[in-house]
Number of protein chains: 2
Amino acid sequence: MADKHELRDKGLRLTPQRELVLAAVRALEHATPEEVAEKVKQTHPGINLSTVYRNLETLENVGLVQHSHLGHGGVRYHASTEEIHAHLNCESCGTIIEVPIDATASFTQSLLDGYGFHTDLAHLAIAGRCETCFNMPETFNKP
Amino acid sequence: MADKHELRDKGLRLTPQRELVLAAVRALEHATPEEVAEKVKQTHPGINLSTVYRNLETLENVGLVQHSHLGHGGVRYHASTEEIHAHLNCESCGTIIEVPIDATASFTQSLLDGYGFHTDLAHLAIAGRCETCFNMPETFNKP
DNA sequence: CACTAATTGCGAAAGATTCGCACTTGCCGC
DNA sequence: GCGGCAAGTGCGAATCTTTCGCAATTAGTG
Ligand SMILES: [Mn+2]
Ligand SMILES: [Mn+2]
Ligand SMILES: [Zn+2]
Ligand SMILES: [Zn+2]
């Protein structure tokens, strides 16, 4: 559960909705706002989807959660942790593989050297096919 | 402009709308369906947005255009060329830097070796900040 | 030129996210 | 503890983007 103080410490009011949204993001890993709402409804059935959206934005502003774009679907939220990671998103089965950011360091460095580009690999996923799906071409969903 | 035969050669009917959509994608580079429609309207004001969407899909199915996701905004289409490229998308100013795919080969190889993941860097952009925007923090648009 | 299937235009529908606004509630000071 | 007020919530409507159904049009074929 969300520690009572971490929200207050960020200057946020402590509401049941806000606590539950944060807890849901932590529990679900890479959840859409819709999925977060679904989870929160288990404990607080009356919560409104707007409230979920607003709290996700608020929690992101204070750094407790982050969003990323995994591809066709909508935005997904995950809890901020000390270990930043990139997402490898299989476009056939939707599996997400997390890659520690230092496994990508030489690549991002080369983009900096070659193009002056400061890469944020956490924000957008890297698309592709996982091993399993790659070996079953008939399952290829159109990206 | 679009060569009359290339559409027929793909088994597609040659309609003014279809030709103009293809020409617009080629002229615009990384355009949204909306932008494509806007461009086509200069020559063919009556074109319907649905027709643009349908033609983009059709042209993609025969390989003449491709879409990619640059981030928050919607899908963008560009003409298929022999040189596949990844997109570096500056989240502040929207600039897109194209990176030849072989500049990314050692990275994608490392994802294959480490995770069995077959990467398609053309489909989703790589987010970050261009040199200019990186040096003017006040311009940071929220991603 | 006539026929048929593909394509188009149009309006409505669907899905995702945002907004306006009146009502409620957490929090601060007294 | 209590009151006041700004922050937060619920609700419904508005937006924005993309898709669909269907009747009318049109490209391609012979
Ligand atoms: Mn896609
Ligand atoms: Mn984003
Ligand atoms: Zn997969
Ligand atoms: Zn920039």
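Chain naming here is simple, since letters A, B, ... match the order of the sequence lines and numbering starts at 1 in each.
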Undergrad: Take the protein atom CD of A:E35 and the nucleotide atom P of C:dT17, then report the distance between them rounded to whole Å.
TA: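 That distance rounds to 11 Å.
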Undergrad: Quick one: B:N61 CG to C:dT7 C1', roughly how many Å, whole number?
TA: 15 Å
Undergrad: Measure from the side chain of A:L14, starting at C-beta and using heavy atoms only, and say which of C:dG26, C:dT17, D:dT9 lies closest.
TA: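 Closest nucleotide among those given: C:dG26.
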Undergrad: With respect to the phosphate group of C:dG9, does any side-chain polar atom (N or O) of B:Q17 fall under 4.0 Å of OP1 or OP2?
TA: yes
Undergrad: Is there a side-chain polar atom (N or O) of B:T51 under 4.0 Å from OP1 or OP2 of C:dT7?
TA: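 B:T51 to C:dT7 OP1/OP2: no side-chain N or O under 4.0 Å.
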Undergrad: Should B:H44 be listed as having a side-chain N or O under 4.0 Å from OP1 or OP2 of C:dG9?
TA: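 Yes, because at least one side-chain N or O of B:H44 sits under 4.0 Å from OP1 or OP2 of C:dG9.
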Undergrad: Out of C:dG26, D:dT26, C:dT8, which nucleotide sits closest to the side chain of B:R13?
TA: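 It is D:dT26.
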Undergrad: Please work out which of the three classes, parallel, tilted or perpendicular, describes the rings of B:H123 and B:H69, given edges at 30° and 60°.
TA: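 The arrangement is perpendicular - the two ring planes meet at more than 60°.
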Undergrad: In terms of side-chain heavy atoms, does A:N61 have a donor or acceptor partner in A:E57 at a distance below 3.5 Å?
TA: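 The answer is no; no qualifying pair exists.
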Undergrad: For A:N48 and C:dT17, give me the distance from atom CG to atom P, rounded to whole Å.
TA: 14 Å
Undergrad: A:I47 has a side chain; which of C:dT17, D:dG10, C:dC27 sits nearest to it?
TA: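 Nearest nucleotide to the side chain: D:dG10.
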Undergrad: For B:R18 and B:L14, what are the C-alpha separation, side-chain angles and deciding distance, and is it a side-chain contact (heavy atoms from CB on, under 4.5 Å)?
TA: CA-CA 7 Å; B:R18 188 163 286 162; B:L14 186 61; over 6 Å; no
Undergrad: Whether the side chain of B:S80 engages the backbone of B:G63 through a donor-acceptor N/O pair (distance < 3.5 Å, no angle test) should be reported.
TA: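 Between the backbone of B:G63 and the side chain of B:S80 there is a qualifying donor-acceptor contact (under 3.5 Å).
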Undergrad: Expressed in angstrom and rounded to an integer, what is the separation of B:L56 atom CG from D:dT19 atom P?
TA: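 The answer, rounded to whole Å, is 10 Å.
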Undergrad: Indicate the ring-plane relationship of B:H85 and B:H30, choosing parallel, tilted or perpendicular according to the 30° and 60° boundaries.
TA: perpendicular
Undergrad: Examine D:dT9: is either OP1 or OP2 under 4.0 Å from a nitrogen or oxygen in the side chain of A:N55? Give yes or no.
TA: yes
Undergrad: So, OP1 or OP2 of C:dT17: does either fall under 4.0 Å of a side-chain N or O from A:Y53?
TA: yes
Undergrad: Shorter than 3.5 Å, N or O on both sides, protein versus nucleotides 20-22 of chain C: list them out with atom names.
TA:
none

Undergrad: So, does A:R8 get its side chain near the phosphate of D:dA7, meaning an N or O under 4.0 Å from OP1 or OP2?
TA: no
Undergrad: Without decimals, in angstroms, what is the distance between B:L20 CG and C:dT8 C1'?
TA: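 In whole Å, C:dT8 C1' and B:L20 CG are 14 Å from each other.
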Undergrad: Reading DNA chain C from 5' onward, which residue's closest nucleotide shows up sooner: A:E34 or B:G11?
TA: B:G11
Undergrad: Using a 4.5 Å cut-off between side-chain heavy atoms of Ile, Leu, Val, Met, Phe, Trp and Tyr, which other residues end up in the same hydrophobic cluster as B:L112?
TA: none
Undergrad: To the nearest Å, give me how far apart CG (A:L12) and P (D:dA6) are.
TA: 18 Å
Undergrad: What integer distance in Å separates A:L49:CG from D:dA13:P?
TA: 16 Å
Undergrad: With a cutoff of under 4.5 Å between side-chain heavy atoms, which Ile, Leu, Val, Met, Phe, Trp and Tyr residues group with A:L70?
TA: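 Result for A:L70 is A:I96.
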Undergrad: Is there a side-chain polar atom (N or O) of B:T15 under 4.0 Å from OP1 or OP2 of C:dT8?
TA: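 Answer yes for this pair, as a side-chain N or O of B:T15 is under 4.0 Å from OP1 or OP2.
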